[in-house]
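Reviewing the structure listed below.
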There are 2 protein chains.
Amino acid sequence: MTKPTVRKRETYHVGNLVPLLLSAAREMLEEVGPTKLSMRALSERVGVSSAAIYHHYSNRAELIVHLAALGFRELGKVHAVRDKTAPSLQKLRTGCLTYLNFARSNPALYQLMFGPECSAETISPVLLKAREEAFNELMEAVAEILNLDKEIEEVHDAAFSIWSYTHGLASLVIHGAMQPPPNMTEEGLIDKTLQGFAHLLNATQGTANSPA
Amino acid sequence: MTKPTVRKRETYHVGNLVPLLLSAAREMLEEVGPTKLSMRALSERVGVSSAAIYHHYSNRAELIVHLAALGFRELGKVHAVRDKTAPSLQKLRTGCLTYLNFARSNPALYQLMFGPECSAETISPVLLKAREEAFNELMEAVAEILNLDKEIEEVHDAAFSIWSYTHGLASLVIHGAMQPPPNMTEEGLIDKTLQGFAHLLNATQGTANSPA
DNA sequence: ACCTGAACACCGTTCAAGT
DNA sequence: ACCTGAACACCGTTCAAGT
């Protein structure tokens, strides 16, 4: 009770650090938010010296990037399960729902994945690959919805379109910039926005320069 | 040449700090990126002690929020200029273009505005008001596109839809998650994604549970 | 009222030394 | 090979003291 009990390390940690680090980091991330993950706090949580981390990741940026890559792999995985027999609209809705669900269940991780710390200049191949594979899964899903081959340009374009929309939706909802009425389900939110889009596109039909 | 010339302050700064601070902060933000704006570096740039800032903003978070609010006011302003005589599709396209343009011209500020440091828990009324006014401007634009009264629910829904889409698009492009072919203009990017959406919605028409 | 210097408690990162 | 303690250069924030 006299001194603030600086609980000294009693053991000399050995081996197997990486998975411990990663899972602790992921936990802390959701606790403290996407910008406040600290190397020192993380090392303390895991029970090693802060310098220990640097034998596995060259710096904080690299740890962050590996965390994000893990997120993209997971995002790809949840999109890999698809019901091929469902009608197109159903496929579209459940696809969007899956995406929104992932984002809302891992808000800090999601913000990290698309945040400035994983941005263009950080060309880390680990992250790049994970992200590309996630986008690829998305394209497969879109190909099934459109009933077209995945290599066709329209599929790529459409995939980019729904990615923009779902990412925007997830992003705004997590951020709190727009909050849906509290009684609205995620399905409801997706249906509402999808209908909103349909209205908009209908209203702009028949005027000049309509899509090819 | 002997000592690293720590250039001592010669004058005692007086008054008018806030605008200097804000404009310097905005400049630095784009230079160092949305996560790395430092109070100490900012104060040095402006030529005051780091403690001086705290007489105008109670902490870093508040400075950030005011910077973001400034961004939302500007976003609202650029959307306020509209050509009421244009056909609906034209209105939609130029609206999206304006949005994308603002985001790409102020990438760090844009990321800040929608980043975790301006997130839900930060209920700062300054930011809230600026953001609401920006969204309001967006709703006016959508009302004109749909030729409906702004208070109608469909307008609100449609506004939320395009906000999701344009924010997602801007966000992904700034982030670098998807990069458009270098020869593609912003108009081209918007047309492509808009068409992608139209395809998708067409393909899902006529299956079960179509929109009301 | 507004600004400053010095201090405190943090942080990322490095490095010689320990196991 | 993997880990540690101590150090360095940063950072946000506070506060008594100066103008």
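Heavy atoms only: backbone and side chains are in, while hydrogens, waters and symmetry mates are out. All figures in this text were calculated on a predicted structure; none of them were measured in a lab. Lettering follows sequence order; numbering is per chain, from 1.
Looking at heavy-atom distances under 4.0 Å, B:L37 makes contact with sugar-phosphate atoms alone, never a base.
Between A:L194 and B:L201, the shortest heavy-atom contact is O-CD1, 4.5 Å.
Remark: of the listed residues B:K150, B:K91, B:R82, B:R82 is the sole one forming a side-chain hydrogen bond (donor to acceptor under 3.5 Å, both in side chains) with B:E144.
You'll find that the side chain of A:M39 is closest to C:dT13, out of C:dT13, D:dC11, C:dT4. With C:dT4, D:dC3, C:dT13 as the candidates, the nucleotide lying closest to the side chain of A:A52 is D:dC3. Side-chain proximity of A:S49 to D:dG5, D:dC11, D:dT14: nearest is D:dG5. Between C:dT13, D:dT13, D:dG5, one nucleotide has an atom nearer to the side chain of B:N59 than all others, and that is D:dT13. For A:A51, the listed nucleotide lying nearest its side chain is C:dT14; candidates were D:dG12, C:dC3, C:dT14.
Straight-line distance from the OH atom of A:Y57 to the C1' atom of C:dG12: 17 Å, rounded to whole Å. Note: CZ (B:R40) to P (C:dA7) measures 13 Å, nearest angstrom. Spacing between atom CG of B:N16 and atom C1' of C:dA1 amounts to 15 Å, rounded to whole angstrom units. Here the C1' atom of nucleotide D:dC2 and the CG atom of A:L21 are 13 Å apart, to the nearest Å. Put simply, CG on B:L63 is 15 Å from C1' on D:dC11, counting in whole angstrom units. One atom, CG of B:L20, and another, P of C:dC2, lie 14 Å apart when rounded to the nearest Å. When the C1' atom of D:dA6 is taken as reference, atom OH of A:Y54 falls 15 Å away, rounded to whole Å. Between A:I64 atom CD1 and C:dC11 atom P the separation is 14 Å, expressed in whole Å.
Salt bridge absent: A:K77 and A:E137 never bring a charged side-chain N and a carboxylate O closer than 4.0 Å.
OP1 or OP2 of C:dG12 sits under 4.0 Å from a side-chain N or O of A:S38. Phosphate contact (OP1/OP2 of C:dT4, side-chain N/O of B:S50, threshold under 4.0 Å): absent. In this model, the phosphate group of C:dC3 is approached by a side-chain N or O of B:H56 to a distance below 4.0 Å at OP1 or OP2.
Nearest-nucleotide assignment on DNA chain C puts the 5′-proximal partner with B:I53, out of B:I53 and A:A41. Between B:H55 and B:R60, the one whose closest nucleotide on DNA chain D sits nearer the 5' end is B:R60.
Using a 3.5 Å distance cut-off with no hydrogens or angles, the side chains of B:N101 and B:E186 do pair a donor with an acceptor. Side-chain contact, B:H167 with A:Y165: no donor N or O sits under 3.5 Å from an acceptor N or O. Residues B:D157 and A:Q195 bring no donor and acceptor atom of their side chains to less than 3.5 Å of each other.
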Applying the Watson-Crick and G-U criteria (both distances under 3.5 angstrom) with [ ] for crossing and | for other-strand pairs, one obtains for DNA chain D ||.|||||...|||||.||

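For A:F114 and B:F114, the gap between ring centers reaches or exceeds 6.0 Å. B:H79 and B:F135 have their aromatic ring centers separated by at least 6.0 angstrom.
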